[in-house]
2 protein chains.
Amino acid sequence: MRGGGYKATPQRMAVLGALAEEQHQSLEEIRGRCLEVGLVTVYRTLSLLVELGIVRRLDLGDGARYELAEDHHHHMICESCGDISEFEECPLDPERLPPENADFEVRSHSLEVYGRCGACR
Amino acid sequence: MRGGGYKATPQRMAVLGALAEEQHQSLEEIRGRCLEVGLVTVYRTLSLLVELGIVRRLDLGDGARYELAEDHHHHMICESCGDISEFEECPLDPERLPPENADFEVRSHSLEVYGRCGACR
DNA sequence: GAGCTAATTGAAAAACATTTTCGATTAGCG
DNA sequence: CGCTAATCGAAAATGTTTTTCAATTAGCTC
Ligand SMILES: [Mn+2]
Ligand SMILES: [Mn+2]
Ligand SMILES: [Zn+2]
Ligand SMILES: [Zn+2]
């Protein structure tokens, strides 16, 4: 973070701290964990962290959510209670990407699985 | 559409016509293809069509996009020019879903592949 | 440790996106 | 041809994100 000539401000530390407390939070949830940081700064800091690759932004249909960009993983989303859980084992068959005949250089992918979690069945 | 007690209004037909012209359009793009339909009605009609399962809403990070809900397929998104292309062959290994030890009933999934299209290399 | 400066912050305003309201219109039915 | 519940749309309300700009400050220099 310092490397890029960015200042380590208390606001940025607070947002990072909020992100560390829980994955997949909305901006408002993050904001709730660092009320001393101005709204504009939360927006700006999240944009910056995403830009720097420190944070990943998720679009799961109910507005943006943010998570610390750790290892490659995927999400299971319960359509009943909205719970989001993670899993690491990538069920993609690398042989089949890119698809046959497609002239495309694959850089990354995102996979979300929808259904019902154990608690909701 | 009639089945559910909904009226087949010219506005709804126009929005469906716009959707048929191209996949993955934003609301504003759809609106551009049926200027005779009021903005509020475009919002309402898209919500209704999504509700009815006729249209699918995509969240690819740059705002909502809509497509006629045809067969199951996935998307390749060019990070350079933004082009979105489709492919049908699902590269998921069904053996590996749900992941081991996960107590989750899989209903559906969405997969997006990011990279560079042929034209952008 | 004090001083300097470019980076950062935050309150207010602006811009943009979506939903609600409610009176006017109309598709579909008899 | 009426009737009526469904639909439409302009305006207002609400919600979200970005821009502005004056005040503050982190990190560097001396
Ligand atoms: Mn995650
Ligand atoms: Mn598609
Ligand atoms: Zn659940
Ligand atoms: Zn491209």
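Numbered from 1 within each chain, the chains take letters A, B, ... in sequence-line order. All figures in this text were calculated on a predicted structure; none of them were measured in a lab. Just the heavy atoms: all of them, side chains too, but no hydrogens, waters or symmetry mates, feed the values below.
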> Rounded to the Å, how far apart are B:Tyr66 OH and C:dT18 P?
Replying inline: 7 Å
> How close or far is atom P of C:dA17 from atom CZ of B:Arg57, stated in whole angstroms?
Replying inline: 13 Å
> Contacts to DNA chain C from residues 10-37 of chain B, heavy-atom cutoff under 4.0 Å, which residues?
Replying inline: B:Pro10
>> B:His74: which residues meet the ring pair (Phe, Tyr, Trp, His ring centres under 6.0 Å) condition with it, sequence neighbours left out?
In response: B:His72, B:Phe87, B:His109
> D:dT16 C1' sits how many Å from A:Arg65 CZ, rounded?
Replying inline: 16 Å
> Which pairs with one or both residues in residues 66-77 of chain A pass salt bridge (Lys or Arg N to Asp or Glu O under 4.0 Å), sequence neighbours excluded?
Replying inline: A:Arg56-A:Glu67
> With sequence neighbours left out, which residue pairs that include part of residues 111-121 of chain A fulfil the side-chain hydrogen bond (donor to acceptor under 3.5 Å, both in side chains) condition?
Replying inline: A:Ser110-A:Glu112, A:Glu112-B:Ser110, A:Arg121-B:Asp103
> Considering only side-chain heavy atoms of B:Tyr43, which listed nucleotide, D:dT17, C:dT18, C:dA12, is closest?
Replying inline: C:dT18
> Can you list the residues that meet the ring pair (Phe, Tyr, Trp, His ring centres under 6.0 Å) rule with B:Tyr66, with sequence neighbours excluded?
Replying inline: none
> Which pairs with one or both residues in residues 74-92 of chain B pass salt bridge (Lys or Arg N to Asp or Glu O under 4.0 Å), sequence neighbours excluded?
Replying inline: A:Arg107-B:Glu79
Going by atom type alone, with no hydrogens or angles, which donor-acceptor pairs under 3.5 Å involve a side-chain atom of residues 42-50 of chain B and a protein atom two or more places apart or on another chain?
residue : atom : partner : partner atom : Å
B:Thr45 : OG1  : B:Thr41 : O            : 2.7
B:Ser47 : OG   : B:Tyr43 : O            : 3.1

> Does atom CD of B:Glu36 have more than 12 heavy-atom neighbours from other groups under 6.0 Å away?
Replying inline: yes
> What's the closest nucleotide to the A:Thr41 side chain, out of C:dG10, D:dT17, D:dG9?
Replying inline: C:dG10
> Does B:Gln25 have any side chain to side chain donor-acceptor pair (under 3.5 Å) partners at least two apart in sequence or in another chain, and if so, which?
Replying inline: B:Arg33
> So which nucleotide from D:dA11, D:dT16, D:dC8 ends up closest to the side chain of B:Thr9?
Replying inline: D:dC8
>> I need the CZ-P distance between A:Arg44 and D:dC21, as an integer number of Å.
In response: 14 Å
> Which pair of non-hydrogen atoms, one from B:Leu111 and one from B:Pro91, has the smallest distance, and what is that distance?
Replying inline: CD2-CG, 3.6 Å
> Taking five pairs at each end, how big is the angle between the two axes of the helix from C:dG1-D:dC30 to C:dG30-D:dC1, to 10°?
Replying inline: 40°
> A:Lys7 side chain: which of C:dG10, C:dT18, D:dG27 is closest?
Replying inline: D:dG27
>> From CG of B:Leu39 over to P of C:dT20, roughly how many Å is that when rounded to an integer?
In response: 14 Å
